[in-house]
Amino acid sequence: MEPPPARGRDSAAPKLDTAGEEAELELGLGLSVGGGGGGERAGAKRGRILTARDFPSSVGTKRAADEAVSQEPGGGSPTSGSQVVGWPPIRAYRMNSLVNLAKAPRAEDDISPNEKGKSKDGSEDKTRTSGKSDVDGREQKHIGFVKVNMDGIPIGRKVDLNAHACYETLAQALEDMFFRPAKTVDLTGVEENRQVKKSSKLLNGCSEFVLTYEDKEGDWMLIGDVPWGMFLTAVKRLRIMRTSEVNGIAPRFQQTSERQMRKPI
Amino acid sequence: MDPGKSRDSAETARVMQFPNDVLERILSLIDSHRDRSAVSLVSKAWYNAERWTRRHVFIGNCYAVLPQIVARRFPNIRGVMLKGKPRFSDFNMVPPNWGADVHAWLAVFADQYPLLEELRLKRMTVTDESLKFLARKFRNFRALSLVSCDGFSTDGLEAIATDCRHLTELDIQENGIDDISGNWLSCFPENFTSLEVLNFASLSSDVNFDALERLVSQCKSLKILKVNKNITLEQLQRLLVRAPQLTELGTGSFLQELTAHQYVELERAFISCKNLHALSGLWEATTLYLPVLYPACTELTFLNLSYAALQSEELAKLVAHCPHLQRLWVLDTVEDVGLEAVASNCPLLEELRVFPADPYDQDINRGVTESGFLAVSLGCRKLHYVLYFCRQMTNAAVARIVQNCPGFTHFRLCIMKPGQPDYLTNEPMDEGFGAVVKTCTNLRRLGVSGLLTDLTFEYIGRYAKNLETLSVAFAEGSDRGMQCILDGCPKMRKLEIRDSPFGNVALLSGLEKYESMRSLWMSACKVTLSGCKLLARQRPRLNVEVMKDEVDDGQSYKVYVYRTLAGPRTDAPSFVCTL
């Protein structure tokens with residue numbers, strides 16, 4: 001068990017002022033290893049499972065998150081519970097799956113007030129889980145499928161949101177559905193095809209069309225503004241809109257922040 | 001047994017002088033890492049015999065030692081398990097690109113262990129390049145397991161499927177990866193037959209079903225198959241009839257409109273799986289199709305329903321068919337009533353995990369409560385591992401639970417609202433956790449939550465003599481609390497603390513302790529940079545790594561301290577400072 005070699009402390013030491021406070025923590029030998037691409041890219045990993053940063057108000061956030069114009073007084077204080085990063089301690093993968101499960105009651109706007117009162121144990125829990133097997137005989141929207149219409153095409157389609165974990169794959173699916181491009185995805189690892197964002201024209205504004213959705217409040221929003229999980233709880237249907245018509249949609253930033261301040265969680 | 005003492009020592013002397021090959025033969029039968037560590041400390045001869053015969057090495061912290069050192073000590077390794085990032089990285093508390101890249105290890109292994117067969121990684125960064133390198137350089141490679149890793153895409157998996165001709169295991173779990181396409185599955189060669197374990201449950205892209213079906217038919221030794229959500233019930237049936245020898249099955253989506261005929265076929269397929277002891281997947285499972293499982297349930301020992309939001313009656317009906325269940329994972333949609341059904345039907349239960357279906361929902365009328373836990377403890381006396389997410393708990397209930405099941409080894413209670421007291425008495429949860437540590441003398445892992453004062457930690461320090469892992473969040477109290485733990489728990493290995501008022505005094509009180517632990521994590525506590533620097537200065541054999549915690553206006557830090565023989569790491573990103 002030999003002692004470690006004498007360290008070159010200087011290279012690793014932070015530059016601090018005499019008060020010992022964290023001036024610029026100019027830190028060590030930052031070799032960027034592997035495919036990380038260097039530096040922190042908040043949530044920028046392609047198709048990555050959404051992290052706390054991607055859920056400004058629901059999963060908990062660092063206040064540095066761009067769009068979260070959050071003005072909670074206690075910001076991140078324990079008593080607000082749901083606002084805390086990494087709490088409750090559940091792995092990102094599971095969190096993502098739970099979002100899909102939990103969204104069901106909120107997405108069901110078809111339920112009339114009558115039927116809500118009818119639920120069995122007086123709790124609304126039943127609405128959450130039943131897919132097709134609903135004993136009430138209620139028209140259950142199949143969890144996950146929403147209608148998609150494209151400007152200029154009379155017949156709409158349906159897409160299963162449950163089959164997607166992020167906007168990129170959803171956009172790809174829709175492109176396949178409506179544009180039927182030749183399969184250009186080269187799967188042997190050609191660099192540009194990894195940039196799913198690039199190949200998804202609907203998301204990056206290069207196309208004549210943009211992807212929008214109608215939320216529960218009846219507003220049409222641009223897709224990609226809110227974290228995937230929030231989107232799932234809010235979306236009613238999708239529309240592939242001509243870019244020229246997009247001006248009618250509320251400006252991204254303002255709309256998003258308004259929503260976040262209104263949201264209960 | 002020998003009567004005389006002199007004969008004893010003669011015997012001992014003879015044993016110590018065993019010829020090496022006999023010693024090696026004996027030692028090669030020992031698998032447990034801990035036993036092997038113990039063996040290596042006996043004498044130089046035993047140290048040598050042990051290192052030559054070791055085939056599997058487990059490295060709990062990839063930064064604790066350099067790969068070259070490992071290779072030098074153990075020349076004949078066939079399987080490696082590596083763990084990387086601190087556990088809290090699972091909950092997004094560690095920024096991306098933190099490190100734990102496996103490539104440096106693979107490079108050394110390519111040289112020193114060209115015959116490497118198994119690689120099991122947890123919380124490591126693995127790039128596609130690394131996967132391609134692995135597939136190319138290790139001709140004998142057999143088993144790859146990636147849990148909670150990141151950095152790679154399905155392209156990397158293609159390389160594995162294409163080039164690893166002897167692959168027996170491909171186990172991909174809960175990784176943060178780029179799921180580009182399911183094409184990787186089609187990359188297995190036409191005549192491929194060696195697969196025994198295939199788990200792609202957490203991948204979301206569609207795989208080519210024909211390729212999968214062919215793979216399953218050809219791999220007659222396939223024992224564990226866990227497919228992803230996109231595989232339908234109808235497809236599942238086709239797979240099952242080709243693999244009735246399965247011991248563990250992860251289904252795809254359990255929601256599909258089946259004709260009566262298809263339903264019967266599916267049922268029959270499950271009946272033919274006579275060796276099934278573990279079942280998972282079951283996404284969107286509902287009362288409609290769960291009954292097809294019943295015939296397969298009689299021999300089930302592990303049932304993972306944590307992706308199926310079942311209601312109480314649905315669970316009750318299901319567990320009525322599972323008398324031999326030992327491990328059960330569920331969502332809290334089953335509620336206390338569901339857990340009561342478990343208590344009545346599964347007397348052999350040893351492990352229970354209850355996950356919250358809606359973690360951010362503050363409504364206390366949902367999910368499970370103390371009474372569900374209590375019910376299980378009454379019905380399942382062999383219970384020793386629990387992970388329980390709930391919205392309310394009482395000290396009295398916890399005390400009774402451990403009275404019913406004093407054999408707890410892992411007690412992880414997560415009261416979801418930070419700092420919440422006993423909801424009946426409004427007192428801290430000190431007495432509850434105190435009861436846990438007093439009663440459960442075999443306790444190795446403890447997760448505490450709710451309102452806690454120093455008293456909790458005094459109890460832990462005084463009673464938890466076998467405790468190895470402790471997770472603390474949102475506790476109150478003072479430095480004294482953490483001091484009690486560091487002073488009192490002789491077997492502590494992993495201590496992770498967040499959002500608790502422990503400062504430099506507490507941190508430094510562990511000066512004597514940290515080198516006997518694997519690691520310490522503290523975030524959003526009261527530790528300052530100067531405290532950390534002091535620690536680093538006093539203990540050169542520890543790496544004291546500090547990250548600025550962005551949430552708290554940069555006032556607090558994330559501190560990660562771990563023992564190491566490798567010195568400060570050379571791949572630390574700019575946001576990590578090794579003091």
How close do [X] and [Y] get, counting heavy atoms only, and between which atoms?
X: V84(A); Y: F474(B); result: CG1-CZ, 3.6 Å
X: A201(B); Y: Y93(A); result: O-OH, 3.6 Å
X: R91(A); Y: V147(B); result: NH1-CG1, 3.9 Å
X: N92(B); Y: V85(A); result: O-CG1, 3.9 Å
X: F389(B); Y: P88(A); result: CE2-CB, 3.9 Å

| said: Is there a side-chain contact between S204(B) and T169(A) in this structure, where contact means two heavy atoms from C-beta onward sitting under 4.5 Å apart? | reply: no

| query | Should W87(A) and P359(B) count as side-chain neighbours, where that means a heavy-atom distance under 4.5 Å? | reply | no

[X] versus chain A, heavy atoms under 4.5 Å apart: side chain, backbone, both or neither?
X: S148(B); result: side chain
X: W283(B); result: side chain
X: R498(B); result: side chain
X: L387(B); result: neither

| M95(A) side, atom CE; F355(B) side, atom CZ - distance, nearest 0.5 Å | 11.5 Å

| task | Rounded to the nearest 0.5 Å, what's the gap from CG on D178(B) to CD on E168(A)? Could you check? | result | 9.0 Å

